[in-house]
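See structure below.
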Amino acid sequence: MSRTIVTLALLSAAAAMPLPAEAQSSMTLKSVSIDLPDRGIMFSGEGSDAVNNNCLACHSAGMVLNQPALSAAAWQAEAEKMIQVYKAPVDQKDVPAIVAYLARIKGTQ
Amino acid sequence: MKAGNIRQAFTRRHLLGQAGLAGIALASAPAWAEALVQLPLPGGPDERSMTTDFPQKGAMVLQRSRPPLLETPFEVFDHGVFTPNDQFYVRWHWAIIPTQVDVDKFRLAVRGHVNQVLSLSLPDILSLPRVEIAAVNQCSGNSRGFFQPRIAGGQWANGAMGNARWTGVRLRDVLDRAGVKAGAVQVRLNGMDEPVVPDGPDFKKSLDIDHARDGEVMIAYAMNGQQLPVLNGFPLRLVVPGWYATYWVKAISDIEVLDQPDDNFWTKTAYTIPDTPRADMKPGQTGVKMIPINKMVPRSFITNVKSGATVQANATTLVRGIAFGGDTDVARVDLSSDGGKSWQATALGKDEGKYSFRQWQAPVSLPAAGNYTLMVRCTNSSGVAQPDQANWNPSGFMRNIIEATSVTVT
């Protein structure tokens, strides 16, 4: 197979518009079933309930913990983005608690 | 799959894990938290776990467990121009990803503004003319963690990229079997991943019809000679050579030919860049015209010398690395050992095709003790060279500044 590919690659390289090399040989695909690992840790500490209850349905806590320090305004914008753009089912009354928690553990002050 | 307000595609393990989380996860470290890696991200956090816990994957940098964001450990890029499938980076937008695929039942729909709606089996697709191309797949936000000011999002170092030899069929050949009607403007690809929340925007991307039919854009069923890992898009993913990976839709099951420009969130609103040179703007700047991200730009990296390394004076070190030209060939790669004041040409390795990584190497001998900054700069065959200033934009896209590596000579 590789010899065919090399030959055709040379041919197509000579053409005005380079196209992927073309080859003929069969390949069979096999069914797959995988299990993904557990989703990891939860948020902890004072005020973590609001974050655990509203944020972990869509993504694991590690995503947040790996973020750089951001201002409270930036965290507010992130929360709003999750709600407005990605339609996260966040209880509006929990938003201040979520932002306060994130600004505390990942804030710029 | 629908349960109340939130759809969950949990496996049995997930449910068990979830049930146990409150009780044990806080008290005991997860099994994958065995090794840590430092990513040199300014201001941190710079520590990540190495994980081997993902199916069909070897050791990966864990950026996010769900939906998976797995970064290729940078040393992998020193091993050759092709990134092994089991260490190829992984990025999913939504947590419902196809974890089971039956190759006998799988069908790819081709519909919309076509003469003949198709439902193609995998054997149907494998019977089409087979093509191969080596191409770099790079996340739009690769290296986002280096932007300053920092930006929320996947905090990647430089490992959200990989190069593979892709095997599959031309998207054009599939479209031609359906027969694209006059007036078609775009082709929209949808994968089997789904939003976790019912109203969340399903991940779809569109290409202009001429791009989709250019003969290079392909539907791949193999990478590096093997079927795709599930986390890289088994059984079929789009390959869009020279374009950022957001267009390389994974696990595609639906191709829709559009007679109107796509207005879905992921094509029109997300993944946009400032329409400025190097996609650069000032933080907080307003009124900037935004356009969909598109072609890649050149990059290059030293892969065998780490920042902070110590080398002996007057000893010749063969410095090597990888480069790619973005949307066209690598023309040259230059190396500087004086922080960019002077440059020497490097020797390029085997050419695997214009969209591939290409290795380069150059001998370096530093005469006197002290601190030096090695820099590497790729220029592509369109004359585009890596810039010496970092760009900034609100999504942290398209970083391609000349990389600098500090070494100490003793």
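In the text below, chain A, chain B and the rest are named by the order of the sequence lines, each starting its count at 1.
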query = Could you go step by step and tell me if A:Leu36 and B:Ile97 meet the side-chain contact (heavy atoms from CB on, under 4.5 Å) rule?
reply = CA-CA 10 Å; A:Leu36 292 173; B:Ile97 63 182; 3.5 Å; yes
Inset, instruction - List the steps, then state whether side-chain contact (heavy atoms from CB on, under 4.5 Å) holds for B:Gln56 with A:Val32. - result: CA-CA 10 Å; B:Gln56 304 173 301; A:Val32 179; 3.9 Å; yes
Practice problem: Check the pair A:Val85 / B:Thr269 against side-chain contact (heavy atoms from CB on, under 4.5 Å), numbers first and verdict last. | Solution: CA-CA 10 Å; A:Val85 177; B:Thr269 309; over 6 Å; no
*Given A:Asp38 and B:Arg66, is the side-chain contact (heavy atoms from CB on, under 4.5 Å) satisfied, shown in steps?*
CA-CA 8 Å; A:Asp38 298 336; B:Arg66 178 179 175 275; over 6 Å; no
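With a threshold of 4.5 angstrom between heavy atoms, B:Trp94 approaches chain A through side-chain atoms but not through N, CA, C or O. For a residue to count as touching a neighbouring chain, one of its non-hydrogen atoms must lie under 4.5 Å from one of that chain's; by this rule B:Leu231 touches chain A with the side chain only. Only the backbone of B:Ile151 comes within contact range of chain A, judged by heavy atoms closer than 4.5 Å.
Interface summary for chain A: among B:Asp102, B:Leu69, B:Leu41, the most heavy-atom pairs under 4.5 angstrom belong to B:Asp102. Your options are B:Gly43, B:Pro68, B:Gly153, B:Ala135, and the one with the most heavy-atom pairs under 4.5 Å with chain A is B:Gly153. Ranked by heavy-atom pairs shorter than 4.5 Å toward chain A, the options B:Pro201, B:Gly145, B:Pro235 are led by B:Pro201.
Other residues, nucleotides and ligands contribute at most 12 non-hydrogen atoms within 6.0 Å of the CD atom of A:Glu46.
When all heavy atoms of B:Ala95 and A:Cys58 are compared, the closest pair comes out as CB-O, 4.0 Å. The heavy-atom pair separating B:Gly154 from A:Met63 by the smallest distance is N-CE, 3.6 Å. B:Val197 approaches A:Lys87 most closely through the heavy-atom pair CG2-O, 3.6 Å.
No side-chain donor-acceptor contact under 3.5 Å links A:Glu78 to the backbone of B:Ala152. Using a distance-only test at 3.5 Å, with no hydrogens or angles considered, no donor-acceptor pair links the side chain of B:Gln100 to the main chain of A:Ile34. Panel note: side chain A:Asn66, backbone B:Gln63; a donor-acceptor pair is recorded below 3.5 Å. In this structure, the side chain of B:Thr99 does not engage the main chain of A:Asp35 through any donor-acceptor pair within 3.5 Å.
Between A:Lys30 and B:Val103, the closest side-chain pair of non-hydrogen atoms is not below 4.5 Å. No side-chain heavy atom of B:Pro149 sits under 4.5 Å from any side-chain heavy atom of A:Pro68. For the pair A:Leu29/B:Leu122, a side-chain contact is recorded, criterion being any heavy-atom separation below 4.5 Å from C-beta on. Using a 4.5 Å cut-off on side-chain heavy atoms (C-beta onward), B:Pro45 and A:Lys106 make contact. When side chains are defined from C-beta on, B:Arg130 counts as touching A:Met27, because their heavy atoms get closer than 4.5 Å. Using a 4.5 Å heavy-atom threshold, the side chains of B:Arg64 and A:His59 count as touching.
The aromatic rings of A:Tyr86 and B:Trp266 sit tilted relative to each other, their planes meeting at an angle between 30° and 60°.
Expressed to the nearest 0.5 Å, how far CZ of B:Arg48 lies from CG of A:Leu65 amounts to 10.0 Å.
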